[in-house]
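Naming: A, B, ... by sequence-line order, numbering from 1 per chain.
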Amino acid sequence: MPEETQNRAAEDPIRYNPTEIEPRWQAQWDADASLYAAEDEATSKKPKYYVLEMLPYPSGKLHMGHVRNYSIGDALARYQWMRGYNVLHPMGWDSFGLPAENAAIKNNIPPREWTLSNIAEMRTQMRRMGLSYDWAQREVTTCLPDYYKWNQWFFLRMYEKGLAYRKQSKVNWCPQCATVLANEQVVGGYCWRHDDQLVEQRDLEQWFFRITDYVDELLDGIDKLDGWPDKVRTMQRNWIGRSEGAEITFKVKDCTDGMAITVFTTRIDTIFGATSIQLAPEHPIVKHWASFDDTLRPQVEEMVAQQKAAKEADAFGNIEKHGVPTGREAINPFTGEALPIWVANYILADYGTGAIMSVPAHDERDYEFAGKYNLPIKRVIAPNVDTDDLALPYVAEEESVLIDSGEWTGEAVLEAQEKMAAHAEAKGFGKAKTTFRLKDWGVSRQRYWGTPIPMIYCDGCGIVPVPDEQLPVLLPEKIEITQTNGSPLSQVPEFLNVTCPKCGGKGRRETDTMDTFVDSSWYFYRYTDAKNANAPFDSAKANYWFPIDQYIGGVEHAILHLIYSRYWTKVMRDLGLIKNDEPATRLFTQGMVIKNGAKMSKSKGNIVSPDDMIAKYGSDATRMYALFAAPPDKDLEWQEEGVAGISRFLARVYRLTTKYAPEIAAHFAEEKKTGEALLAGLSTEGMNLLRKLHQTVAKITQDFSGRWHFNTCIASIMILVNEIAANEQAMDNGLVPIDTRAEVFRTLTLLLAPFAPFLAQELWAQMGQTGQVFRASWPIADEELAKEDEIEIPVQVNGKLVNVVRVAAGSEEEMIKAAAHEDEKVAARIAGKTVVKQIYVPGKLVNIVVK
RNA sequence: GCCCGGAUGGUGAAAUCGGCAGACACAGCGGACUUAAAAUCCGCAGACCUUAAACGGUCGUGGGGGUUCAAGUCCCCCUCCGGGCACCA
């Protein structure tokens, strides 16, 4: 906007000027620390409502994704206040993590300083947006000791319960981050932070949380999360990856020391068709054999290397199947047959038992492998109807039956699976077994900017937990950040060297820090009691507020954050801290913000800065556009012209409302007519306005409680404002009395309050209303007033629209049909034809079928 | 390969239970106001055919089939786009 225009706009008293209105109200709101405070849980008589948006990483600047996320949550929070709920609406900072260390290296700023100044900047932006967070009582900053102390406290509790443990394991290693990554942080074989960095596999001693102890509950609980999007529920099910089957032990033939191989299979019913055993190259027994077999060893080593390379390149599915016979055989416990044992490059050591029985006749992959090495193929499953020309491999259907399978011949596959597993268990060579894809949660990170793991290594006592009274284990402030030599903390002697709490001897601290997903797994509980110095939170408070009524965030957290926080909730429940099983009743995942068809990103150069938008059009217009341009669950294409359009709409509302505000203010100062008195002798124009008003109230109220299509909510407010503008003359010349005008504008302001809080507040005040508009009562739609007294009925002939007839609302079917037949166009269309039948949908349509 | 979404004018979209396809906006075009512009206000606006214009007609929700008096919406098949899982035994 040219400067000149802007200046002139500022001088015009009638013109909507968000750059004047918004800072004025923001100053007042900022000065009132209790403005958005929730009522005390012990005394509040209102029903509670906990609305939460995912806390951001404080990168320094809000982006449009944030704006969208918070606009949704803020509209909901304000709406619920107006509906009379006791609303908890907090915000915090997911403020540990690698970018702070990268910034420290790049700009030579300590991570803490960098992070805290980013937080200050982003908090300012959020306040400028007018977001209704309780900063004074609830703000949570995960990188500060008053928060991470409780991460450590939880770690100790989990250690006591055996839920935190240490083991050597293969880990994902990003050379650029110089740290371990969780599986979830590996995207297609690449680091989630470095698109071009392949992740390597390394062996390290790591701390793990036993999430697998809760895997059944995590999976089964998904069924009950009916307030969560199906998409997220499906993603979590896939991620957990339950697979039901059986473990069967095959004895190795001619082996005196009882050596045996246990395979995992989901198809125990096909065991009579097994023609070989396939082992992962890293299977312990393979290692053992290779150690003294000079022919086998190099081949196995090659396969191990190949698997590792393929995994790192995320191309495991692409490697060509290849195997080597070990020259040994295993005994099928069901048949007594000896089956050759092979080592194969497509078998994973860390899934199931690292060993399979190969049934070529009924498994695609086994069929391919058997074909390549001329292994026998033996059919043991048939469709219910006997066929001779069955194409192999034949994967069983529900009604398939077993053939050539001893005493199980003729059984249906599903029954056979159960019975054969039971048989194996009874005979002691197997059992039914469920396997999961989900692994325990590796939480060690060789980084500085995270929660120190509160453990000490003592030469005499071994692993010693830091006693509670010594918490928090503080991160040292003075530190040089490097990206080599493992953990930065190991370079700090004051941190590293410690007295063993058990024996008083010399000990050394754990120098790894915790995965930042620990921080975000329970932060929303801390909001309920953010200043508690003696406990992570007061259980009574958490039990009042939990579960979260509505959680809102990006779908990119569907697996990582949302599984970990579900897990943490169950752990806290079992520690007796809370009563709820799940953190959030309802979850909403908003769509991405797109510009020119691509997700906004620095690399694409299609970033639109919220600051620029707000400076140009104001917070209200920016927020409202984010809600108007698309339904909140879909992707949103950012078009600046659209923001300008919303700004024009708000200007229209401002001009119309302020025009009548003084007389409305005077009117409210006097006695106010209500109900019948308001309607007595009201003009058509007045009735039309009230009707549209109540229709709008009904629509928005319904949408808030259901499908959240705020785009159509805002459209309906636009329709209302168009109707008001169309009646401006009628209002000016007295056709619409002051009572009605006051009612219309006051209600319009209430309807705007969740979407455009600054403007609504300004108009509220100009109309002489006191207090905060978002604490006023949400209007109640009057069904009678909202009813149309004349309705349009489309009339079809043979299903094609011919004309629309107007009839009085509530007209009888016969009257409406008669009106349809009287219509000239309809009459012309059916003239000379026989009416076969007539369809009448009450209040909707008439369809006359003719021949 | 399996499992979820999605595809509607020039653009973002609407149509909530099978009942007027394109609400509400954006961009565009025409007009009013203005010396002029901006702002504002009013009007037009799916495509095609017909017409001087209007009236009128036909087609139209990714493609093909089906159910129905009636389909963007339900069923079957297919294409493309997005997301998740994947030699997972």
Salt bridge between [X] and [Y], side-chain N to carboxylate O under 4.0 Å?
{"X": "Lys616(A)", "Y": "Asp612(A)", "answer": "no"}
{"X": "Arg233(A)", "Y": "Asp226(A)", "answer": "no"}
{"X": "Arg237(A)", "Y": "Asp223(A)", "answer": "yes"}

### Message
If the glycosidic angle sits within 90 degrees of zero it is syn, else anti. Tell me which applies to G66(B).
### Response
anti

#### Entry: Base orientation of C29(B), syn vs anti, 90° cut from 0
anti

Any idea which heavy atoms bring [X] and [Y] closest together, and the distance?
{"X": "Ala75(A)", "Y": "Leu627(A)", "answer": "CB-CD1, 4.3 Å"}
{"X": "Asn345(A)", "Y": "Ile319(A)", "answer": "O-CD1, 3.5 Å"}
{"X": "Tyr351(A)", "Y": "Phe436(A)", "answer": "CE1-O, 4.2 Å"}

### Summary
If pairing means Watson-Crick or G-U wobble with both distances under 3.5 Å, then the partner of U79(B) is A7(B)

### Query
Is there a Watson-Crick or G-U wobble partner for U68(B) with both distances under 3.5 Å, and if so, which one is it?
none

What's the [atom1]-[atom2] distance between [X] and [N], to the nearest Å?
{"X": "Tyr367(A)", "N": "C87(B)", "atom1": "OH", "atom2": "P", "result": "23 Å"}
{"X": "Gln417(A)", "N": "A89(B)", "atom1": "CD", "atom2": "C1'", "result": "13 Å"}
{"X": "Asn345(A)", "N": "C88(B)", "atom1": "CG", "atom2": "P", "result": "13 Å"}
{"X": "Phe628(A)", "N": "C26(B)", "atom1": "CZ", "atom2": "C1'", "result": "9 Å"}
{"X": "Met592(A)", "N": "G83(B)", "atom1": "CE", "atom2": "C1'", "result": "9 Å"}
{"X": "Leu801(A)", "N": "G56(B)", "atom1": "CG", "atom2": "P", "result": "12 Å"}
{"X": "Ile714(A)", "N": "C26(B)", "atom1": "CD1", "atom2": "P", "result": "14 Å"}
{"X": "Met718(A)", "N": "C26(B)", "atom1": "CE", "atom2": "C1'", "result": "10 Å"}

Pick base, sugar-phosphate or nothing for [X], based on heavy-atom distances below 4.0 Å to the nucleic acid.
{"X": "Asp363(A)", "value": "nothing"}
{"X": "Arg829(A)", "value": "sugar-phosphate"}
{"X": "Ile717(A)", "value": "nothing"}
{"X": "Gly645(A)", "value": "sugar-phosphate"}
{"X": "Asp635(A)", "value": "sugar-phosphate"}
{"X": "Ile719(A)", "value": "sugar-phosphate"}
{"X": "Glu792(A)", "value": "base"}
{"X": "Asp230(A)", "value": "nothing"}
{"X": "Gln278(A)", "value": "nothing"}
{"X": "Glu728(A)", "value": "nothing"}
{"X": "Phe369(A)", "value": "nothing"}
{"X": "Lys699(A)", "value": "base"}
{"X": "Arg237(A)", "value": "nothing"}
{"X": "Gln639(A)", "value": "sugar-phosphate"}

Measure from the side-chain heavy atoms of [X] and tell me the nearest of [options].
{"X": "Ile319(A)", "options": "C87(B), G84(B), C69(B)", "answer": "C87(B)"}
{"X": "Arg365(A)", "options": "A70(B), A89(B), A27(B)", "answer": "A89(B)"}
{"X": "Leu348(A)", "options": "A89(B), A15(B), A25(B)", "answer": "A89(B)"}
{"X": "Ala715(A)", "options": "A23(B), A89(B), A13(B)", "answer": "A23(B)"}
{"X": "Arg648(A)", "options": "A27(B), A89(B), A15(B)", "answer": "A27(B)"}
{"X": "Tyr351(A)", "options": "C69(B), A25(B), A89(B)", "answer": "A89(B)"}
{"X": "Pro794(A)", "options": "C20(B), C59(B), A89(B)", "answer": "C20(B)"}

### Query
Can you tell which of Phe704(A), Phe628(A), Tyr79(A) makes a ring pair (Phe, Tyr, Trp, His ring centres under 6.0 Å) with Phe710(A)?
Phe704(A)

Is there a donor in the side chain of [X] and an acceptor in the side chain of [Y], or the other way round, less than 3.5 Å apart?
{"X": "Gln278(A)", "Y": "Tyr346(A)", "answer": "no"}
{"X": "His821(A)", "Y": "Gln838(A)", "answer": "yes"}
{"X": "Tyr373(A)", "Y": "Ser276(A)", "answer": "no"}

### Message
Tell me if the side-chain of Asn238(A) makes a donor-acceptor pair with the base of C85(B), cut-off 3.5 Å, by modelled atom types.
### Response
no

Taking only side-chain N and O atoms of [X], does any of them lie within less than 4.0 angstrom of OP1 or OP2 on [N]?
{"X": "Lys321(A)", "N": "C87(B)", "value": "no"}
{"X": "Asn711(A)", "N": "A14(B)", "value": "yes"}
{"X": "Thr712(A)", "N": "A23(B)", "value": "no"}
{"X": "Arg652(A)", "N": "C41(B)", "value": "yes"}
{"X": "Arg267(A)", "N": "C88(B)", "value": "no"}
{"X": "Lys825(A)", "N": "G57(B)", "value": "no"}
{"X": "Lys844(A)", "N": "C17(B)", "value": "no"}

Inter-nucleotide [atom1] distance ([N], [M]), Å rounded:
{"N": "U67(B)", "M": "G57(B)", "atom1": "C1'", "result": "29 Å"}
{"N": "A54(B)", "M": "C44(B)", "atom1": "C1'", "result": "15 Å"}
{"N": "C24(B)", "M": "C80(B)", "atom1": "C1'", "result": "29 Å"}
{"N": "C3(B)", "M": "U61(B)", "atom1": "C1'", "result": "27 Å"}
{"N": "C17(B)", "M": "C74(B)", "atom1": "P", "result": "10 Å"}
{"N": "C77(B)", "M": "A25(B)", "atom1": "P", "result": "42 Å"}
{"N": "A7(B)", "M": "G62(B)", "atom1": "C1'", "result": "6 Å"}
{"N": "G66(B)", "M": "A71(B)", "atom1": "C1'", "result": "11 Å"}

## Note on the structure
Whichever of Lys634(A) and Glu368(A) has the more 5' nearest nucleotide on RNA chain B, that residue is Lys634(A)

### Message
On RNA chain B, does the nearest nucleotide to Ser716(A) precede the nearest nucleotide to Tyr346(A) from the 5' side, or the other way round? Give the residue.
### Response
Ser716(A)

